[in-house]
Amino acid sequence: MTFYQPAGNEVELFRAASDNGLPVLIKGPTGCGKTRFVRYMAEQLGRPVYTVACHDDLTASDLVGRHLIGPEGTYWQDGPLTRAVREGAICYLDEVVEARKDTTVVLHPLADDRRELPVERTGELLKAAPGFMLVVSYNPGYQSLLKGMKPSTRQRFVSMSFDYPEPEVEQVIVQKESGCDESLARQLVDLATSLRKLKDHDLEEAASTRLLIHAAYLMQSGMSPVEACRAGMIEPLSDDAVTIDALMEVVYALFGQPEA
């Protein structure tokens with residue numbers, strides 16, 4: 001089973017949306033648990049989940065399906081969205097604003113009271129099977145005028161905002177995921193809290209909970225705390241040598257200078 005530590009009423013909200021056939025939009029920074037939450041809720045609801053990592057080249061055919069050529073001729077292959085509609089599963093579109101605008105339009109009839117998917121290539125009009133749920137997510141910090149979600153799309157969804165957990169909750173998550181002890185988890189959370197204060201000054205993105213877990217894994221494998229933090233947390237945050245050196249000073253303040 002996937003471990004997930006609730007930070008608010010997100011579990012209850014997701015269940016209520018599911019019970020009423022409502023689509024869900026999850027907003028939050030990188031590594032704050034959006035994808036894990038969807039996976040956890042799929043397990044709780046007993047439904048399969050089809051996850052699509054959206055990108056600039058994602059087409060409507062990638063979601064809906066396409067005709068392919070096989071040994072016996074041309075045949076139709078459903079895309080993940082169509083499979084979810086047929087099976088009553090969850091379709092999760094991660095970083096949906098990265099997809100092309102003409103691609104996300106295909107979601108509109110599924111995200112309102114019609115709950116149907118027109119498959120133009122086959123002439124089908126699929127009614128969503130009971131249990132089907134459309135879930136999308138994105139990072140508001142990466143939005144621009146060119147990559148924002150259109151109001152006509154956004155207003156079809158029940159929305160929830162995620163952020164990095166409170167320190168006490170984040171400590172439990174790091175302990176549970178990595179198997180480290182309470183003291184180390186607390187130190188890593190303290191480090192992340194200090195680094196997050198620098199986000200608006202030197203960093204494009206704050207230190208995520210995911211990075212804390214990576215660092216804890218490395219320490220559990222025998223790496224020194226300083227080197228584990230460098231490889232697991234600091235280097236992924238920046239490519240600038242000066243910035244990395246400055247961030248490492250925060251690590252040294254908590255874990256001490258490495259031995260010469």
Side-chain angles (χ1 to χ4, degrees), residues 2 4 6-56 58-60 62-64 79-119 125-164:
T2 299
Y4 179 78
N9 69 341
E10 66 269 28
V11 172
E12 293 79 9
L13 180 55
F14 195 99
R15 282 187 181 276
S18 173
D19 290 344
N20 290 279
L22 300 174
V24 170
L25 165 63
I26 305 173
K27 300 177 284 185
T30 299
C32 69
K34 301 187 295 294
T35 299
R36 175 175 290 270
F37 171 67
V38 175
R39 193 163 70 244
Y40 170 80
M41 290 307 304
E43 292 176 0
Q44 294 298 305
L45 296 171
R47 296 183 203 161
V49 57
Y50 292 97
T51 299
V52 180
C54 297
H55 52 82
D56 289 337
L58 186 77
T59 66
D62 292 326
L63 293 178
V64 177
L81 180 60
T82 305
R83 290 198 295 272
V85 168
R86 292 190 196 276
E87 298 172 16
I90 295 172
C91 184
Y92 172 48
L93 306 182
D94 188 18
E95 295 298 342
V96 68
V97 295
E98 296 295 326
R100 294 170 7 186
K101 293 289 189 294
D102 59 336
T103 301
T104 55
V105 169
V106 75
L107 304 178
H108 285 190
L110 280 171
D112 58 30
D113 60 322
R114 289 172 287 177
R115 285 175 59 81
E116 59 188 26
L117 176 65
V119 184
L125 182 62
L126 298 177
K127 281 286 186 182
F132 168 75
M133 192 172 184
L134 178 63
V135 183
V136 304
S137 72
Y138 69 89
N139 182 348
Y142 290 157
Q143 274 196 286
S144 68
L145 291 176
L146 297 177
K147 287 198 171 183
M149 182 178 277
K150 293 170 59 177
S152 61
T153 302
R154 190 169 58 240
Q155 292 187 26
R156 284 173 157 81
F157 290 82
V158 171
S159 297
M160 57 180 81
S161 292
F162 276 36
D163 205 343
Y164 300 120

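Between Phe37 and Phe14, the two ring planes are perpendicular [angle over 60°; tilted spans 30° to 60°].
The line from CD1 of Ile90 to CZ of Phe132 is 9.5 Å long, rounded to the nearest 0.5 Å. Taking CZ of Arg156 as the reference point, atom CG of Leu22 lies at 13.5 Å (rounded to 0.5 Å). In this structure, CE on Met160 lies 8.0 Å from CG on Asn9, to the nearest 0.5 angstrom. In this structure, Gln155 CD and Thr153 OG1 are separated by 10.0 Å, a value rounded to the nearest 0.5 Å. Going from atom SG of Cys54 over to atom CG of Leu63 covers 6.5 Å, rounded to the nearest 0.5 Å.
Sorted by first and then second residue, the side-chain hydrogen bond (donor to acceptor under 3.5 Å, both in side chains) pairs with a member in residues 16-28 read Ser18-Arg47; sequence neighbours excluded.
In this structure, Arg83 contributes its side chain and Tyr50 its backbone to no donor-acceptor pair below 3.5 Å. A side-chain donor-acceptor contact under 3.5 Å links Lys34 to the backbone of Gly28. In terms of modelled atom types and a separation under 3.5 Å, the side chain of Glu43 and the main chain of Thr2 share a donor-acceptor contact. Counting only distance, with no hydrogens or angles, the side chain of Glu95 and the backbone of His55 share no donor-acceptor pair below 3.5 Å.
Smallest separation of non-hydrogen atoms from Glu98 and Asp56: O-OD1, 3.2 Å. The two residues Phe162 and Gly33 come nearest to each other via the heavy atoms CE2-O, 4.1 Å. Between Pro29 and Asp163, the shortest heavy-atom distance links the atoms CG-OD1, 3.9 Å. When all heavy atoms of Val136 and Tyr92 are compared, the closest pair comes out as C-CE1, 4.3 Å. Minimum heavy-atom separation, Gly88 to Ala129: N-CB, 3.6 Å. Nearest heavy atom pair, residue Pro109 against residue Pro118, reads CG-CD, 3.8 Å.
Contact of the Leu107 side chain with the Leu81 side chain is registered, since non-hydrogen atoms from C-beta on lie closer than 4.5 Å. At least one side-chain heavy atom of His108 sits less than 4.5 Å from a side-chain heavy atom of Ser152. Contact annotation: the side chain of Val49 never approaches that of Met133 to less than 4.5 Å [non-hydrogen atoms, C-beta and beyond]. Annotation: side chain of Leu117 is in contact with side chain of Val106 (closest heavy-atom distance under 4.5 Å).
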Is there a side chain to side chain contact (heavy atoms under 4.5 Å, CB included) between Leu58 and Arg100? Walk through the geometry before answering.
CA-CA 7 Å; Leu58 186 77; Arg100 294 170 7 186; over 6 Å; no

Does the side chain to side chain contact (heavy atoms under 4.5 Å, CB included) test come out yes or no for Leu134 and Val85, once each step is laid out?
CA-CA 9 Å; Leu134 178 63; Val85 168; over 6 Å; no

Worked verdict on Tyr4 versus Gln44 for side chain to side chain contact (heavy atoms under 4.5 Å, CB included)
CA-CA 11 Å; Tyr4 179 78; Gln44 294 298 305; over 6 Å; no

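With Ser137 as the partner, the side-chain contact (heavy atoms from CB on, under 4.5 Å) test is satisfied by one option alone out of Val24, Ile26, Leu93, Val96: Ile26.
Every residue two or more places apart in sequence or in another chain that forms a side chain to side chain donor-acceptor pair (under 3.5 Å) with Asp112 is listed here: Arg114.
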